[in-house]
Each structure stands twice: as structure tokens, then as C-alpha cells.
Visitor: 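Just passing along the structure, written as C-alpha cells.
Since the structure is predicted, the reported quantities are computational estimates derived from the model, not experimental observations. Chain identifiers are assigned alphabetically (A, B, ...) following the order of the sequence lines, protein sequences preceding nucleic acid strands; residue numbering begins at 1 within each chain.
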Protein chains: 2
Amino acid sequence: MSKQNPLPVIAEECCAPLAREPISKDDAAELAKVLKAVADPVRLRLLSLIAARDEETCVCDLLPEFDLSQPTISHHLKTLREAGLIGSERRGTWVYSWVIPQALDRLSALFDTAREEAGVR
Amino acid sequence: MSKQNPLPVIAEECCAPLAREPISKDDAAELAKVLKAVADPVRLRLLSLIAARDEETCVCDLLPEFDLSQPTISHHLKTLREAGLIGSERRGTWVYSWVIPQALDRLSALFDTAREEAGVR
């Protein structure tokens, strides 16, 4: 059993909502990496398929959703893992994945607080 | 005065939070385009600089924040505009930009509802 922990691409304290104060150069560079990971239709669907389940998701359950080879899917999962968006663990033949809620929370907060701060809505 | 309206990249009804139900192929393709627009450190900072002001932002106030030429900054602004994230208007010499709050709201909702739906936190 090999636990594949996500890399901490986004620091714990990162980042202030982008509409509250201008985002720093360093934060922008870090966040751009995470956003690049989700800025792909296949990875967005993979993340959604994994997030929409309450349990860890076997790559074997993801494959039928795509017309793509297992190595390609695994490569996309690796990109999501390296961006800190999911965690993965190999169990025997298959790799199981789950979302890192804090990573989604940070992306949400990045765009969300805009409406509070800007007073729109 | 030439009003440069954003293209409606994301349809009004798009998209369900990705953790609530698996995102559709079409929605994923549309959202990936918008996320690509923000998945760049310069564009993320531009969006933040514009969003952090309560008023329309002159490109002349953005230029000093970057070691980049005006055409480069204008190109990045065009990418944000085409993704539906900002609106722009030329007034005399300068172009003024503002954020489209609904576009930020949608991105926020996409990632945000995860925590509610998944019951985490």
C-alpha cells in the first residue's frame, strides 16, 4: 500500500480573496499552478467525479467515463495530486483517490469573497 | 467610445457545483476555457487589481504594477475579457476595465459547494 500524499502547492495561509486586496506575485504564481491543473476538461471532470462521491474513488470506476487509456487517466490524476487537489493511495491493482476539501475551499474563497467585499448581489 | 462586452463563455445556467454531481462534458469544456484564462500569474494579478477596486480601472494604473509592455498587458486583458471575466471600455487614450461579478460567483460556486455537499468542515 503506497500512500501518495499531495504536494502542498498552496501554503496553509494562502490566499486572500482576489477582490479584497491585490494578490501578491508569489500567491499568484502558486495559485496559477493549481488553476492550471483544473483548467482542463478531463481533469475538471475527474475532479468532479471524485468529489461527487462520498467515498474514495477507484480509478477503475473513472475509466468507463472517458474514451482515454488508463495511463492517460493516471497522468491526469497525477497532475491533480501534484496540485494538492486530490490524494491517492494504491491498493493492490488499483489506485483510489479522494479530494482535498481545503484545496477546493481555497479556490472557492479566492473567487467567492469578491461578492461580499465588492458589495454586489 | 467603444464598449467591449465580454463574450458569454459560461452560459447563465452553468454550472452545478462539481462536488454535487459529476460535471457534464460540455460544462467542463466551457469552464476549462474560463479557468485557463485565470491560470496565469499575470492575468490572476490583473483580475485581482481590477476586482480590488470599487471603480473601473484604467490600464494606465495597471501598467506600473508589471514589468511588461502595454501591448502585453492589453493582450492579457483581452484574454480575461474573452473569458467573460471582465468588461472593458475605451475612453480616449485609455481602456478602462471592471470585473463581471457573476463570472467570479460561478467559479466560486463551482468549488465552494463542495464543502456543503460533502459535509466537510
Side-chain angles (χ1 to χ4, degrees), chain A residues 15-54 62 65-67 83 85 98-121, chain B residues 15-54 62 65-67 83 85 98-121:
Chain A
C15 301
L18 59 73
R20 184 182 297 164
E21 58 183 271
I23 196 168
S24 76
K25 243 179 181 172
D26 287 349
D27 285 352
E30 282 185 6
L31 282 162
K33 283 185 202 164
V34 181
L35 289 166
K36 271 194 184 104
V38 290
D40 173 275
V42 171
R43 289 197 293 273
L44 209 44
R45 287 182 62 214
L46 278 171
L47 186 64
S48 181
L49 284 161
I50 296 168
R53 292 178 173 227
D54 282 339
L62 297 169
E65 302 291 333
F66 299 87
D67 291 327
L85 290 158
W98 58 90
V99 292
I100 309 289
Q102 294 84 347
L104 295 183
D105 286 349
R106 289 198 193 103
L107 288 184
S108 178
L110 181 74
F111 297 108
D112 181 57
T113 315
R115 45 194 175 187
E116 291 168 34
E117 298 300 318
V120 291
R121 275 218 172 174
Chain B
C15 301
L18 60 72
R20 185 182 297 165
E21 58 183 89
I23 196 168
S24 75
K25 243 179 180 170
D26 287 349
D27 285 352
E30 280 184 8
L31 282 162
K33 283 184 201 164
V34 181
L35 288 166
K36 271 193 184 103
V38 290
D40 174 275
V42 171
R43 289 196 294 273
L44 209 45
R45 287 181 62 213
L46 278 171
L47 186 64
S48 181
L49 284 161
I50 297 168
R53 293 177 171 228
D54 282 338
L62 296 169
E65 303 290 333
F66 299 87
D67 291 327
L85 290 158
W98 58 89
V99 292
I100 309 289
Q102 294 84 347
L104 295 183
D105 286 350
R106 288 198 193 103
L107 288 184
S108 179
L110 181 74
F111 296 108
D112 181 58
T113 316
R115 44 195 175 186
E116 293 167 33
E117 298 301 318
V120 290
R121 277 217 170 172

Visitor: How many angstroms lie between atom CG of L18(A) and atom CG of L46(B), to the nearest 0.5 angstrom?
Guide: 11.5 Å
Visitor: Just verifying a value: how many Å separate D40(A) CG and L31(B) CG, rounded to the nearest 0.5 Å?
Guide: 12.5 Å
Visitor: I need the minimum non-hydrogen distance between L44(A) and A32(B), along with the two atoms involved.
Guide: CD2-N, 3.9 Å
Visitor: With distance as the sole test, does S108(B) use its side chain to make a donor-acceptor pair with the main-chain N or O of A109(A) at under 3.5 Å?
Guide: no
Visitor: Among R53(A), E65(A), R45(A), which has the most heavy-atom pairs under 4.5 Å with chain B?
Guide: R45(A)
Visitor: Using a 4.5 Å cut-off on heavy atoms from C-beta on, say whether the side chain of V38(A) contacts that of F111(B).
Guide: yes
Visitor: Which atoms form the tightest heavy-atom contact between P22(B) and S48(A), and what is the distance?
Guide: CA-OG, 3.2 Å
Visitor: For A39(B), give me all partners under side chain to side chain contact (heavy atoms under 4.5 Å, CB included), at least two apart in sequence or on another chain.
Guide: L35(A), K36(A), A39(A)
